[in-house]
Amino acid sequence: MVDSILFFFEVLVGGLLSGTMYSLVALGFVLIYKASSTFNFAQGAMVFFAVLSFCGFMEYGMPFAVAFIAVVFLMIIVGLLTERLVLRPLMNQSEDTVLMATIGLGFVLEGLAQAKWGVEVRKLSLGIGDFPIPWIADNLKLFISALDLTAGFVALGMIVLLTLLFKYTKIGLGLRAVADDPGAASSIGIPLKHIMLLVWSTAGVVALVAGMMWGARAGVQFALIELALKALPVLIIGGFSSIPGAIVGGLLVGAVEKVLEVYIGPFFKGGIEAWAPYMLSILFLLYRPEGLFGEKIIRRV
Amino acid sequence: MKPVFMRYTKNDIINFVVLLVIGFLVVPNFIQSDYWYTSILLPWLCLTLAALGQNIVMGYTGQLSLGAAGFMCAGAYACYNMMLRIQDMPFLGALVLSGLIAAGLGIIFGLPSLRIRGIYLMVATLASQFFIVWVIDKFGWFKNYDVSGSTTFQKIFISGVAFTNGKMMYLLVLAIVIVLTLLAINMARGSTGRNWMAVRDMDIAAESMGVSLLKTKLQAFAINAFLCGISGVLYTYTYLKSAEPFAAFNISLSFKIMFMAIIGGLGTISGAFIGAAFILLFPVVLNAIGNNVFHGMIDATIISSIEQVVFGGLIITLMIFEPLGFAKLWETLKQKVIKTKS
Amino acid sequence: MPLKKKSIKAKKKKSMVDNRKFKIGKPILEVKNISLSFGGVKAITNISFNVLKHEIRAIIGPNGAGKSSMLNCINGIYKPQEGKVILNGEEIKPITPNIMSQKGISRTFQNLALFKRMSVLDNILVGRKLHTKSNFFEVAFQFPRALKEEKFNREKCEEIIKFLEIENIKNTEVGKLPYGLQKKVELGRALATEAPILLLDEPMAGMNVEEKRDMCRFILKVNDELGTTIVLIEHDMGVVMDISDRVVVLDYGKIIGDDIPDVVRADQKVIDAYLGVAHG
């Protein structure tokens, strides 16, 4: 009995922690959505692009820190180009048009990354193993992966940082103003370009961190894209414009899919993880279309 | 141009006859190599149907949907099981029934469209993609408990005539595609299509005119899934011949079909044909260039990466400059030529 | 004076003297105690008025008075927290745009709600939806009924196009037309429904004097010849006073006047509202 409860907790904690990885990807979506009301479908591809480039730079012999900074710069360039070449020309287009363009952008990024770095699966070692932490295993009898726990802390750190940035800095204020009404914001002298640059580079950094976490666990490979796709149901559950939403949504998705997989999966030869997040998001859509933390949208006629 | 019959103009009929002659007389007489039929024409015609469905739901009705491969999978396995389990099941009967089964699923998975739109809807439709394929893969019954996990689809016989070689299958698929395209054209140009577009352009006004959003959206989803289902049957029976659900009907196929609809031209029938041709032929051309110009010096994976970059870039470019895709570009070009002539 | 008569003089006065084909009858549409708020902000408070059969009923009021919200409540786009809508003596429940269209209420929108990527003719044809019985299957296979309906509907729409004098643009994509013409197309689409009640939300907004005169003429003609009951919102006081039978005046979501134009015109409260006298 105790064992089975412990096991349940283990599954739950494992799910929650791996859910933070979804949160990390979702965070990038939220940032861009908050600043420009754009659904950036390419965020998943950005994750892949960032971490693959990181691996590539490391293979060139760059030290960890240098490679990290190099990728950050690379992501800033990607952000700049995206803003200039994709989003600005589509400024007054419908949401759906912009969304489709970002789907195209995703394909471009995936293709570029693979054309440059190849398609073989890479191992990314962060010096943190994907094995149970002995202390917790001994004392609490819970098997919790060190990597999962690190990812959890990293995600938490990012969230705290971003929340502080959004809420308490001048930049954050400008950001919120831009998100609300770009025209009005620029007319009172908020530098639109700088803000956008900042947002896209932050999203780039978030993508890199998310990619590193995912890469360390599942290897750096194309399948990351499909994993990153699960950030979409996370966003629906949490609400597109909410940082806490991305976190809670990620945790929820991670926990639910893991619990379902472990307890119900065996009856169906597994694979429930593949669709559970999407079904969960549909349920949410039926009862709370704006998501847990999203703002209710009133449509004016 | 005066309408000759309903909304068919004289031009339409001329175009139609020319295409019929090319499709049924010129192609079978001039193309003998099986490669052309089995590797190019058949997948093109099959996927055109799916792209047509995608276009109806996305281009005409404005509902973003990303689950075409799921419905194709449902159609293919519905047909497989009917042919397997029902004695003397005629292929065409099974084909239509498979389409209807897929349509039923389309209605179920289209239900979220009543409350949500845009990316929300797209995520919801992804559920159909992952769920349907999962069910078919995990429940052995659908695959007749084949231990290999893959399914070999039956050979096609229609009233004793075997449609097994490339040319015969091509003729069969072409006939089906033509019939379904005609039906789609009739709907798109008639009151049905107007309802779709009204919902797309301004749903509240459509509702105020008595157009039921519920009925119209679900209808579009059903027709989309029907066409995808038929497409799935033909795609597996004539092109793949044997398949594993997860490998054959993955998310990439859904993306591909979505791209066909977008690149070809949202809200156009001809766009489905143009888009499918482009998406299928471009890699072939790229590979040919890789093999013949660079003599295989370029890695195949790099070629497929380039392909992705081109598709993605093309979509961005079209969204910026011509959201109505190649079909519209073609129209514009044609009109310019006519103008310069006169 | 904002209430001064404008130059648009139509033949209304004459028709008021009991020679109109469709005599004004009993109440066809009644709204009772409607209140609507958006998240705590009250848009409309406790509004009741009625519309008589075959009359032209105007709703006027300064910006933000809740006029459009009122129409949106009648046709079910907004869901008022309180109140009911009674049509032909029967309370309608639930009120959705779709149900209201089936019950015979058609409308136009303040900010234009046309199907932008469709042609003028196709836009107006959508208005024939409720007169189209054939389903998608019949349309796909071109059953005789579908063909007959399509032909009939097209003829009807061509008539409307001719009536509105927009034959030259009938195949143009609506999104490419200037504002004034789009307003006309929207009226055409509402007319195509042949609904006995039309709700027109600022049909003359953004038009020049000539276009306004045309629009008035169309509205009066529809009312005269088809007996259509018309509820219209208008900003231009002159226009309203000329063509309407009775006027409701809203201010800050409340009714401050409801009478025939001549009485409303003289009402001090109405004048104050329009002149922007501070609310005490």
Side-chain angles (χ1 to χ4, degrees), chain A residues 29 39 41-42 45 82 85-86 88-90 93-120 225-226 229-230 232-233 235-236 240 267-282 285-286 289 291 299 301, chain B residues 58 62-64 66 109 111-112 115-135 137-140 200 204-205 246 250-252 255 258-259 262-263 266 299-321 323:
Chain A
F29 274 98
F39 296 114
F41 199 88
T82 305
L85 300 178
V86 183
R88 208 176 301 171
L90 288 171
Q93 295 297 323
S94 76
E95 242 172 41
D96 286 1
T97 308
V98 179
L99 176 64
M100 286 188 256
T102 64
I103 294 177
L105 176 67
F107 272 68
V108 171
L109 289 176
E110 284 162 36
L112 283 178
Q114 287 187 326
K116 176 77 187 108
W117 307 110
V119 291
E120 63 271 20
I225 305 265
E226 213 164 296
L229 220 50
K230 283 195 194 164
L232 292 172
L235 289 162
I236 286 182
F240 272 91
F267 299 107
F268 302 103
K269 296 185 212 152
I272 289 182
E273 280 174 319
W275 54 263
Y278 300 96
M279 286 298 193
L280 191 66
S281 72
I282 290 186
L285 284 170
L286 292 178
R299 257 186 97 193
V301 189
Chain B
M58 191 167 149
Q63 309 297 307
L64 285 190
L66 186 56
F109 284 99
L111 281 173
R115 297 202 57 176
I116 50 173
R117 50 166 76 214
I119 193 168
Y120 293 85
L121 182 58
M122 204 158 94
V123 176
T125 55
L126 273 174
S128 73
Q129 162 82 45
F130 291 117
F131 187 70
I132 294 176
V133 178
W134 178 81
V135 167
D137 192 69
K138 297 291 173 184
F139 292 82
R200 171 195 69 193
I204 288 177
F246 270 126
N250 54 20
I251 181 86
S252 310
F255 268 117
M258 186 190 212
F259 282 13
I262 298 177
I263 290 179
L266 290 172
D299 200 56
T301 58
I302 292 194
I303 291 180
S304 80
S305 305
I306 293 174
E307 183 191 308
Q308 269 191 320
V309 175
V310 171
F311 289 163
L314 198 60
I315 286 189
I316 297 175
T317 318
L318 283 174
M319 285 302 118
I320 294 170
F321 297 106

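The structure displayed is predicted, hence computed values, not measured ones. Labels below follow one simple rule: chain letters A, B, ... track the order of the sequence lines, proteins then strands, and each chain is numbered from 1. Worth knowing before you read on, the calculation uses all heavy atoms, side chains too, and leaves out hydrogens, waters and symmetry mates.
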Tell me, for [X] versus chain A, whether the close heavy atoms (under 4.5 Å) come from the side chain, the backbone, both or neither.
X	answer
B:Leu64	side chain
B:Leu111	neither
B:Phe259	side chain
B:Ile320	both
B:Phe131	both

Out of curiosity, [X] [atom1] to [Y] [atom2], how far, rounded to the nearest 0.5 Å?
X	Y	atom1	atom2	result
A:Asp96	B:Met122	CG	CE	9.0 Å
A:Met100	B:Ile263	CE	CD1	12.0 Å
B:Leu121	A:Ile236	CG	CD1	9.0 Å
B:Thr301	A:Glu120	OG1	CD	8.0 Å
B:Ile262	A:Ile103	CD1	CD1	6.0 Å
A:Gln93	B:Met319	CD	CE	9.0 Å

Residue part contacting chain B, namely of [X], when any heavy atom lies under 4.5 Å:
X	result
A:Glu95	neither
A:Leu99	side chain
A:Leu229	side chain

Any chance you could lay out the side-chain contact (heavy atoms from CB on, under 4.5 Å) test for B:Ile315 and A:Phe107, step after step, and finish with the verdict?
CA-CA 10 Å; B:Ile315 286 189; A:Phe107 272 68; over 6 Å; no
Do you know the tightest heavy-atom contact between [X] and [Y]?
X	Y	result
B:Ser305	A:Gly111	CB-O, 3.3 Å
A:Gly271	B:Lys138	CA-CE, 4.4 Å
B:Ala127	A:Ile282	CB-CD1, 3.7 Å
A:Ala101	B:Ile316	O-CG1, 3.4 Å
A:Val108	B:Gly312	CG2-C, 3.5 Å

Open item on the list: Looking at chain A, which one of B:Ile302, B:Thr125, B:Leu126, B:Asn250 has the largest number of heavy-atom pairs inside 4.5 Å, strictly under?
Closed with: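 Looking at each of B:Ile302, B:Thr125, B:Leu126, B:Asn250 in turn, B:Leu126 comes out on top.
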- Is a donor on one side and an acceptor on the other found under 3.5 Å between the side chain of A:Trp275 and the backbone of B:Ser128?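 No, because the side chain of A:Trp275 does not come within donor-acceptor range (under 3.5 Å) of the backbone of B:Ser128.
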Among A:Gly118, A:Gly270, A:Ser281, A:Ala276, which has the most heavy-atom pairs under 4.5 Å with chain B?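 Going by pairs under 4.5 Å, I would pick A:Gly270.
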Check: Looking at A:Ser94, A:Gly104, A:Pro89, which has the largest count of heavy-atom pairs under 4.5 Å with chain B?
Finding: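 Answer, by heavy-atom pair count under 4.5 Å with chain B: A:Gly104.
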message: Counting the benzene-type ring for Trp, do A:Tyr278 and B:Phe130 have ring centres under 6.0 Å apart?
response: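 Yes, they do, as the ring centres are separated by less than 6.0 Å.
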| B:Phe139 and A:Phe268 aromatic ring geometry - parallel, tilted or perpendicular at 30°/60° bounds |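 A:Phe268 and B:Phe139: tilted rings.
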